[in-house]
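In listed order, ligands and their atoms are each counted from 1. Just so you know, these numbers use all the heavy atoms, side chains as well, and skip hydrogens, waters and symmetry mates.
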Amino acid sequence: MGLGILQDGKWISRREQEDSEGKFIRPSTTFRDWITADGSSGFKAEAGRYHLYISWACPWACRTAIMRQLKGLQDVIGLSVVAAEIHQNSWEFKDEPGAIPDTVNHTDYLWQLYLKAQPDYTGRVTVPVLWDKQKGTIVNNESREIIRMFDTQFEEFAKQDADFYPDDLQKVVDETIDAIYQPINNGVYRAGFATSQSAYDQAVTELFDALDDWEKVLAKQRYLCGNKVTEADWCMFTTLFRFDAVYYVHFKCNIRRIVDYPHLWNYLKELYQMPGVKETCNLDHIKRHYYISHPNVNPHQIVPKGPIINFDEPHNREQVFTG
Ligand SMILES: N[C@@H](CCC(=O)N[C@@H](CS)C(=O)NCC(=O)O)C(=O)O
């Protein structure tokens, strides 16, 4: 298993991640500070102060990369991208297409960055990581909170005038992000990392019940929360984008593909085709990461050739939902 953990500041290259019933457990993240526009939190939104570490493979990290693009924050928040594959040292900085080295802390492995922030750190070493160059520490490593900060606290610097947390929808955006997390975003992992039939059955049933429900919603409205694209759509997008290429096969989420759902598929293409989004969609990193990095799921680490999916195929969401 390529997934390790830091224990009292020491890297251990293997860890258990399921409970006694074979259910996958995702522990909560530990660095939870907030950047604010006025600096009242101790972390002021400033140009050039923060650096984002991501993986193109990771659906959580890609949410933050998408928000950085959509808000036009590329010149304000720097970016490093780990290599696609996880081996003994987990996330690694390496010279390969799509990767960007750690130009700020010059580390080779992401766990070294966690130790710079906290030398006795115990816990998982995950992407995304938002780093503060001024204080030399991790501000936050929870994707949902990082996208909220990019969306709402960097107005002074954002080159794009877009708001994905509009005043009139804030409650429903938060509820929707909550609603899709366990059955869908984490649901694919609960299915794929289950080590008992019953844990898998439960996860996959909840996943497809939820997808079926959202298919019905998207038949009636353009986006998850109504007629505006919100943070909730970007939280959904990164899971849907990986679904047919990875989760359907590797994680055995194979009741239906996304392309079999007329509305979810049409919706997925619309989001993918929005300016700036496809720059964050790297199927080579995604496929190599999943199929190679979980040898307990795919022991021979063979990466499938397909499927062939044309995310650029026209959608017609604007004709279905006029006004
Ligand atoms: N709650 C976190 C989850 C992040 C997460 O689990 N990232 C995965 C990649 S998809 C990771 O880095 N895993 C490495 C590990 O678990 O050791 C978030 O949404 O930011």
Side-chain angles (χ1 to χ4, degrees), residues 1-7 10-18 24-34 52-68 80-93 99 107 109-115 121-131 138-150 174 177-178 180-182 184-193 231-232 234-243 245-247 250-251 280-282 285-297:
M1 182 75 184
L3 294 173
I5 197 160
L6 275 173
Q7 211 148 54
K10 298 256 176 324
W11 179 250
I12 298 165
S13 60
R14 291 173 79 87
R15 72 159 191 261
E16 300 297 327
Q17 54 174 7
E18 56 292 321
F24 168 66
I25 307 293
R26 184 182 294 281
S28 53
T29 32
T30 34
F31 295 95
R32 307 297 283 269
D33 281 311
W34 279 81
L52 182 64
Y53 292 86
I54 63 148
S55 148
W56 292 133
C58 169
W60 317 100
C62 278
R63 296 168 164 186
T64 66
I66 289 173
M67 195 54 75
R68 175 176 172 269
S80 291
V81 181
V82 292
E85 296 169 26
I86 271 187
H87 295 285
Q88 287 297 86
N89 277 291
S90 193
W91 296 118
E92 181 173 350
F93 296 100
T107 60
Y109 306 112
L110 195 69
W111 61 260
Q112 295 168 333
L113 187 73
Y114 275 70
L115 291 190
Y121 177 77
T122 294
R124 294 191 315 150
V125 171
T126 56
V127 281
V129 172
L130 186 59
W131 180 265
I138 296 173
V139 182
N140 195 299
N141 63 343
E142 178 59 41
S143 61
R144 177 180 175 163
E145 295 178 356
I146 297 172
I147 62 172
R148 179 66 47 82
M149 292 177 220
F150 288 180
D174 287 333
I177 295 174
D178 281 341
I180 64 175
Y181 173 76
Q182 207 46 271
I184 299 179
N185 304 132
N186 199 35
V188 293
Y189 288 91
R190 289 166 57 224
F193 288 149
E231 291 172 14
W234 300 115
C235 290
M236 180 71 122
F237 171 80
T238 56
T239 299
L240 295 186
F241 182 74
R242 287 155 180 73
F243 204 96
V246 174
Y247 304 144
H250 185 64
F251 281 173
T280 69
C281 295
N282 186 324
H285 273 231
I286 291 171
K287 286 173 65 177
R288 281 197 295 122
H289 170 70
Y290 283 93
Y291 288 105
I292 293 176
S293 306
H294 310 138
N296 56 337
V297 179

N/O contact list for ligand 1, threshold under 3.5 Å:
from     : atom 1 : to     : atom 2 : distance (Å)
ligand 1 : 1 (N)  : Glu142 : OE1    : 2.9
ligand 1 : 1 (N)  : Glu142 : OE2    : 3.4
ligand 1 : 6 (O)  : Arg26  : NH1    : 2.7
ligand 1 : 6 (O)  : Arg124 : NH2    : 3.4
ligand 1 : 7 (N)  : Val127 : O      : 3.0
ligand 1 : 12 (O) : Trp91  : NE1    : 2.8
ligand 1 : 12 (O) : Val127 : N      : 3.0
ligand 1 : 16 (O) : Arg15  : NH2    : 2.8
ligand 1 : 16 (O) : Arg124 : NH1    : 3.0
ligand 1 : 17 (O) : Arg15  : NH1    : 2.9
ligand 1 : 19 (O) : Glu142 : OE2    : 3.4
ligand 1 : 19 (O) : Ser143 : OG     : 2.6
ligand 1 : 20 (O) : Asn141 : O      : 3.4
ligand 1 : 20 (O) : Ser143 : N      : 2.7
ligand 1 : 20 (O) : Ser143 : OG     : 3.4

Per-pair distances, 0.1 Å, donor-acceptor, side chain in residues 56-63, under 3.5 Å, sequence neighbours excluded:
from  : atom 1 : to     : atom 2 : distance (Å)
Trp56 : NE1    : Gly98  : O      : 2.9
Arg63 : NH1    : Ser143 : OG     : 3.0
Arg63 : NH2    : Asn185 : OD1    : 3.2

Pair Phe237 and Trp234, ring centroids less than 6.0 Å apart: yes
Test ring-ring contact (aromatic ring centres under 6.0 Å, His included) applied to Tyr291 - qualifying residues, sequence neighbours left out: His250
Ring geometry between Tyr121 and Tyr114 (parallel below 30°, tilted from 30 to 60°, perpendicular above 60°): tilted
Pairs meeting criterion salt bridge (charged side-chain N to carboxylate O under 4.0 Å, His left out) with involvement of residues 82-92, two or more places apart: Glu85-Arg288
Mutual orientation of the aromatic rings belonging to Phe193 and His294 [parallel < 30°, tilted 30-60°, perpendicular > 60°]: perpendicular
